[in-house]
Amino acid sequence: MEFSADSTVAAVEGAVAGLSALVVQYAFSVIGAVLILIIGFVVAGMIERWAYRGLGSWKGFDETLRKFLSKIARYGVLAIVLVTVLSQFGVQTASIIAALGAAGLAIGLALQGTLQNVAAGIMLLVLRPFKNGEFIQAGGTMGTVQEIGLFATEFKTLDGLFLLAPNSELWSQAVTNYSRNPTRRNDLVIGIAYDDDINKAMEIYREMMAEDPRVLADPEPYIYVSALGDSAVDVTCRYWTTSADWWTTSRDMTHKAKERFDAAGLTIPFPQRDIHLFREPVAQDAAQ
């Protein structure tokens, strides 16, 4: 089969014309896609800044959650921009959304534990059972909160160690916050001997409470006999301090009480038990 020069030229011209048409068609698509990307990135940045400033106007809104939600708004806009760009090249939007949904489901299943920590972190930041600088206990975790992240929370323990706890574990435990309330109660319980003067012990308590400025006058300290034990009579002083003074006050009061009870001649007995032995009379010999 022979090809003439005219037919070859015609075929080349047809291919060039078709290619030119494709170039013109997709050139507009490429230019449109580039413009959409540029505008989309600008709009996404603006929305992120607006969301960050808007959430900051809410008093007490957590800084970590504020950054997270503003980033979510940015990425949401960028996702819409990506779908729009792909549609410029004839890709069906429905198939794009289906593919993104399938990918999101796969990622969610693979990162199930991580997403639980993120969800728990958001709940901790919204409900705020504790915040930075507060001393808490949640299950086996105890320490001062340093930073609440989206995945985990940083603590400083009583012995100065760094502790990182997953948010999901903190969210699933009952939280005891030792710093949240402004005041806190303490019970000072000391046992004295049964022969000692109860009123003298109670008077020592009253003097100690009146002398220490850290002890609050309202509620007023309450002094009473709390128990009659096996070895001692327990005399209790129930008083209130600020949460910040609780630790030092409780230790100082125990120290002072021991010194003053000793000076007043009051005995703090050791656990003891009296044992009485009874001897049964020896039976006389029947023959006698």
Let me confirm one number: the CG-CZ distance from Leu78 to Phe41, rounded to the nearest 0.5 Å. 5.5 Å
Residues forming a side-chain contact (heavy atoms from CB on, under 4.5 Å) with Gln173, sequence neighbours excluded: Ala138
Tell me which donor-acceptor pairs under 3.5 Å the side chains of residues 202-209 have, and how far apart each pair is, sequence neighbours excluded?
residue : atom : partner : partner atom : Å
Glu203  : OE1  : Arg206  : NH1          : 3.4
Tyr205  : OH   : Leu188  : O            : 3.4
Tyr205  : OH   : Val235  : O            : 3.1

Could you please spell out the steps behind the side chain to side chain contact (heavy atoms under 4.5 Å, CB included) verdict for Lys200 and Ile192? CA-CA 11 Å; Lys200 183 183 292 186; Ile192 62 175; over 6 Å; no
Under a side-chain separation threshold of 4.5 Å, the hydrophobic residues clustered together with Tyr222 are Tyr224
Residue set satisfying salt bridge (charged side-chain N to carboxylate O under 4.0 Å, His left out) with Lys131, at least two apart, ordered chain then number -> none
The criterion is side-chain contact (heavy atoms from CB on, under 4.5 Å); which residues satisfy it with Thr144, sequence neighbours excluded? Phe135, Gln146
Beyond-backbone contact of Val233 with Asp196, side-chain heavy atoms, under 4.5 angstrom: no
Could you pull out all residues at least two apart from Ser226 that satisfy side chain to side chain donor-acceptor pair (under 3.5 Å)? Thr236
Smallest heavy-atom separation, Ala193 atom then Pro269 atom, equals N-CD, 3.7 Å
Nearest heavy-atom pair of Pro166 and Asn117: which atoms, and what distance? CB-OD1, 3.7 Å
Are Met142 and Phe130 linked, directly or through other ILVMFWY residues, by side chains that come within less than 4.5 angstrom of each other? no
Heavy-atom pair with the smallest gap, counting every atom of Ala73 and Ile47: CB-CG2, 4.0 Å
With sequence neighbours left out, what residues match Asp187 under side chain to side chain donor-acceptor pair (under 3.5 Å)? Arg185, Arg238
Residues at least two apart in sequence or cross-chain that pass side-chain contact (heavy atoms from CB on, under 4.5 Å) with Ala152, listed by chain then number, are Leu164
Leu228 to Val225 - nearest heavy-atom pair and separation: CD2-CG1, 4.4 Å
What about Trp246 and Val215, same hydrophobic cluster or not, with Ile/Leu/Val/Met/Phe/Trp/Tyr joined at side-chain heavy-atom distances under 4.5 Å? no
Atom pair CD/NZ of Glu147 and Lys156 - distance to nearest 0.5 Å: 15.0 Å
CD1/Ile198 to CG/Asp234 distance, rounded to the nearest 0.5 angstrom? 10.5 Å
Step by step, would you call Glu48 with Tyr52 a side chain to side chain contact (heavy atoms under 4.5 Å, CB included)? CA-CA 6 Å; Glu48 179 182 7; Tyr52 184 79; 5.6 Å; no
Close side-chain approach of Trp50 to Arg53, heavy-atom, < 4.5 Å: yes
Once rounded to the nearest 0.5 Å, what's the spacing between atom CD1 of Ile148 and atom CZ of Phe155? 8.0 Å
Should Ile268 and Ile190 be marked as a side chain to side chain contact (heavy atoms under 4.5 Å, CB included) after you check the CA-CA gap, both sets of side-chain angles, and the distance that decides it? CA-CA 7 Å; Ile268 303 176; Ile190 297 180; 3.8 Å; yes
Would you check if the side chain of Ser243 reaches a backbone N or O of Asn181 as a donor-acceptor pair within less than 3.5 Å? yes
Side chains of Tyr178 and Ile136 in contact at under 4.5 Å (non-hydrogen atoms): no
In this structure, CZ of Arg214 is separated from CE of Met253 (nearest 0.5 Å) by 6.5 Å
Side chain to side chain contact (heavy atoms under 4.5 Å, CB included) between Leu170 and Val175, intermediate numbers included: CA-CA 8 Å; Leu170 297 176; Val175 176; 5.7 Å; no
Sorted by chain and residue number, the side-chain contact (heavy atoms from CB on, under 4.5 Å) partners of Met123 (sequence neighbours excluded) come out as Leu127, Trp171
Flag, side chain of Arg74 to backbone of Ser70, donor-acceptor distance under 3.5 Å: no
Establish whether Leu35 and Ile80 are linked, either directly or via other cluster members, by ILVMFWY side-chain heavy-atom contacts under 4.5 Å. no
Name the one of Thr248, Thr249, Thr183 that satisfies side-chain contact (heavy atoms from CB on, under 4.5 Å) with Thr241? Thr249
By side chain to side chain donor-acceptor pair (under 3.5 Å), Thr157 pairs with (sequence neighbours left out) Asp159
Can you tell me how far apart CZ (Arg184) and OG (Ser250) are? Round to the nearest 0.5 Å. 8.0 Å
Residues in side chain to side chain donor-acceptor pair (under 3.5 Å) contact with Asn186, at least two apart in sequence or another chain: Tyr239
Going by chain and number, the hydrophobic cluster around Trp240 (ILVMFWY, side chain to side chain under 4.5 Å) further includes Leu216
Nearest non-hydrogen partners of Ile223 and Cys237, listed with the distance: CG1-SG, 3.9 Å
